[in-house]
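See structure below.
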Amino acid sequence: MNKLSRRKFIENSGRLALFGAGLASLAASPLAAALRIFRESDGKAGLIFPGDDYSQYPEARYWLKADSRESCKSCHGTDEIAFADSYPHSSRPVKCLLCANQCIILKGERGKCRARYNDNGILRSLVYGRLVSANIDPIEKKPFYHFLPGALAFSVATTGCPLSCQFCQNWEISQASPEDFKTEYTPPERISAIAEYRKVPVIAYTYNEPTVFTEYMIDTTRKSKEKGLKNVLISCGFMGELPLKDMCENLDAIKIDLKGFSNDFYRNVCKADLEPVLRSIKTIARSGVHLEIVNLVVPTLNDSDKMMDELCKWVFNETGPDTPVHFTRFHPDYKLQNLPPTPPSTLEKARDIAFNNGLHFPYVGNIPGHPGNNTLCPECGKTVIERNGFFIKGVKLTDGKCNFCQSPVYGVWK
């Protein structure tokens, strides 16, 4: 386990020349020469956002063409298509299978996430390699508390999200369109090279909803694994089943934001549905990929004792008692600036409810220095990892076992 000190974090962050307009500043920096900038032979790499020439964007992977019989079945009843192999459509619609919205996108239009475009019957990704944010973060910021504590994560993001959460803290990019930013194309190889150069062992896909750049994420994971790097996803969990299957085959850890345990909350506050998120969580748990869950507790909207109790019971029964669950503090942002921050007592009660329902690792989040940030041994109750904010103050684990009682503690520790 690598313990992250403040000095180490500041030194690594300070070396990262990745700002300005997306990653454009990197192209002219000395770091770029040291890493070797990977360019595609067709000359398209490195262009600022190509604009209206959509042929320059790569074809997406998870979609159905309107002229296929399989696609017809997804929109029409069997009786409507029984006597024809296909139906011509002047609007050349496609069905996107990337997220649970399953958008039907007409020619010249985009899906709800704004990141995918129907180019005359071909669905294209407008965000493949078009990063608008990159940073080196502590892994605890994601938050992951049971996956390589103290490690640094090279975090990347594009624009776009299939949800429209009223409390989103990254709404400037999640609710933006790709053309809102001038971005240089960044090949998957460059992400691996930067992480390796900075000696950062983890690449994190985060900030916006990474599902919208699934193709790029998977290509990057495959390149980075060749260098021995780990890959983690921070997601709302609203992805389609096939993309999630590919994610589970390539990622090392996934954190899902379970935003509430109510369909009404999801529909009214997030413009989405709860069931696809629960389906994703169960799929990840069965896959063996390391899973952690975050519940942002918003005063008056999803903070009732009943909802917390139902959420904890569901996690215990569906993913098991060792699943870390983070109850994090809401701060007024975006369209919910009228609500107050979550009282610490509400988060403490949620943590108590989780313990009472048999969960071993519930946490209080977004309150630095709170004892609810610490990891306790589920057998003897002693503190085995002490934290202050994103930084680790002490570790009492040896080879994944509690130093006090020698019981194993669930996690990926090295």
Side-chain angles (χ1 to χ4, degrees), residues 22 96 98-103 105 109-116 126-127 131-133 135 137 141-143 155 157-181 205-213 233-239 255-278 280-281 293-308 310-311 326-347 350 364-367:
C96 182
L98 187 61
C99 83
N101 284 320
Q102 303 280 284
C103 293
I105 308 173
E109 296 185 359
R110 303 186 188 192
K112 185 178 178 181
C113 68
R114 299 167 297 280
R116 298 168 99 74
L126 304 184
V127 292
L131 303 181
V132 300
S133 183
N135 196 18
D137 298 321
K141 185 179 177 181
K142 303 303 144 191
S155 305
T158 69
T159 60
C161 181
L163 275 61
S164 300
C165 299
Q166 295 181 22
F167 49 78
C168 183
Q169 296 181 356
N170 291 319
W171 61 270
E172 294 94 338
I173 62 173
S174 72
Q175 302 306 305
S177 298
E179 61 268 29
D180 292 339
F181 295 83
Y205 309 93
T206 180
Y207 302 145
N208 72 318
E209 173 47 53
T211 294
V212 304
F213 61 92
L233 168 66
I234 292 78
S235 173
C236 66
F238 203 65
M239 61 280 286
K255 188 221 76 178
I256 296 295
D257 288 308
L258 180 54
K259 299 175 186 294
F261 209 71
S262 157
N263 239 331
D264 288 342
F265 177 84
Y266 262 87
R267 289 170 180 167
N268 295 331
V269 182
C270 304
K271 311 305 179 189
D273 294 298
L274 171 61
E275 186 54 40
V277 181
L278 299 182
S280 293
I281 292 173
I293 294 172
V294 165
N295 176 228
L296 181 70
V297 183
V298 184
T300 74
L301 296 181
N302 68 349
D303 61 344
S304 71
D305 291 358
K306 180 177 183 294
M307 191 179 295
M308 293 298 176
E310 291 175 348
L311 184 153
H326 306 253
F327 298 101
T328 60
R329 192 181 199 192
F330 162 84
H331 293 286
D333 209 332
Y334 195 33
K335 296 182 179 180
L336 286 185
Q337 298 188 39
N338 59 308
L339 295 179
T342 317
S345 60
T346 301
L347 303 177
V364 168
N366 285 352
I367 304 181

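None of these values were measured; they are calculated from a predicted model.
- Under the 3.5 Å distance criterion, with hydrogens and angles disregarded, a donor-acceptor pair is assigned to the side chains of Glu209 and Ser235.
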side-chain contact (heavy atoms from CB on, under 4.5 Å), that's the test. Do Phe327 and Leu347 meet it? Break it down for me. CA-CA 6 Å; Phe327 298 101; Leu347 303 177; 4.3 Å; yes
In sequence, state the C-alpha distance, the side-chain angles, and the governing distance for Lys271 and Tyr266, and then conclude on side-chain contact (heavy atoms from CB on, under 4.5 Å). CA-CA 6 Å; Lys271 311 305 179 189; Tyr266 262 87; over 6 Å; no
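- Leu98 has its side chain within reach of Arg116: a pair of non-hydrogen atoms, C-beta onward, lies under 4.5 Å apart.
- The one candidate from Cys113, Cys165, Cys161 that meets the side chain to side chain contact (heavy atoms under 4.5 Å, CB included) condition with Gln175 is Cys161.
- Under the 3.5 Å distance criterion, the side-chain polar atoms of Arg114 are matched with a main-chain donor or acceptor of Ala176.
- Taking NZ of Lys141 as the start and OG1 of Thr206 as the end, the distance is 8.5 Å to the nearest 0.5 Å.
- For the pair Phe265 and Lys259, the tightest heavy-atom approach, listed with the atom from each and the gap, is CE2-O, 3.1 Å.
- Remark: Leu163 CG to Asn101 CG distance equals 7.5 Å, nearest 0.5 Å.
- Using a 30° and 60° split on the angle between ring planes, Tyr334 and Trp171 fall in the parallel class, below 30°.
- Remark: Leu339 CG to His331 NE2 distance equals 13.5 Å, nearest 0.5 Å.
- Listed here is the closest heavy atom pair of Thr342 and Arg329: O-NE, 2.6 Å.
- Contact annotation: the side chain of Thr158 never approaches that of Pro178 to less than 4.5 Å [non-hydrogen atoms, C-beta and beyond].
- For Pro299 against Pro340, the heavy-atom pair with the smallest separation is CG-O, 3.3 Å.
- Two residues are said to be in side-chain contact when any heavy atoms from C-beta on lie closer than 4.5 Å; Phe238 and Val277 meet this criterion.
- A heavy-atom distance below 4.5 Å is found between the side chains of Asn295 and Leu311.
- If you check the side chains of Lys142 and Ser155, you find a donor sitting under 3.5 Å from an acceptor.
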Please evaluate residues Thr159 and Asp180 with respect to the criterion side chain to side chain donor-acceptor pair (under 3.5 Å), reporting the C-alpha separation (whole Å), side-chain torsions for both, the decisive distance (0.1 Å), and the verdict. CA-CA 9 Å; Thr159 60; Asp180 292 339; over 6 Å; no
Does the side-chain contact (heavy atoms from CB on, under 4.5 Å) test come out yes or no for Leu278 and Leu258, once each step is laid out? CA-CA 8 Å; Leu278 299 182; Leu258 180 54; 3.9 Å; yes
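- The backbone N or O of Ala157 sits nowhere less than 3.5 Å from a side-chain atom of Asn208 that would complete a donor-acceptor pair.
- Going from atom CG of Leu296 over to atom SG of Cys168 covers 10.5 Å, rounded to the nearest 0.5 Å.
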Apply side-chain contact (heavy atoms from CB on, under 4.5 Å) to residues Thr328 and Val297 and explain how you reach the verdict. CA-CA 6 Å; Thr328 60; Val297 183; over 6 Å; no
Could you walk me through whether Glu275 and Arg267 pass salt bridge (Lys or Arg N to Asp or Glu O under 4.0 Å), step by step? CA-CA 11 Å; Glu275 186 54 40; Arg267 289 170 180 167; over 6 Å; no
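- Scanning both residues, Thr211 and Cys99, for their nearest heavy atoms gives CG2-CB, 4.5 Å.
- In this structure, the side chains of Pro332 and Pro341 come closer than 4.5 Å at one or more pairs of heavy atoms.
- The distance from atom OG of Ser304 to atom CD of Glu310, rounded to the nearest 0.5 Å, is 7.5 Å.
- Shown here for Pro210 and Tyr205, the closest heavy-atom pair between the two residues is CG-O, 3.1 Å.
- Note that CD1 of Ile293 and CG of Asp257 are 10.0 Å apart. Values are rounded to the nearest 0.5 Å.
- In this structure the side chain of Leu301 never reaches within 4.5 angstrom of the side chain of Phe167, judged on heavy atoms.
- The minimum heavy-atom distance between Glu172 and Phe181, with the atom names listed, is O-CZ, 3.9 Å.
- Looking at heavy atoms from C-beta onward, Tyr207 lies in side-chain contact with Asp137 at the 4.5 angstrom threshold.
- For Ser262 and Asn302, the side-chain atoms include no donor-acceptor pair closer than 3.5 Å.
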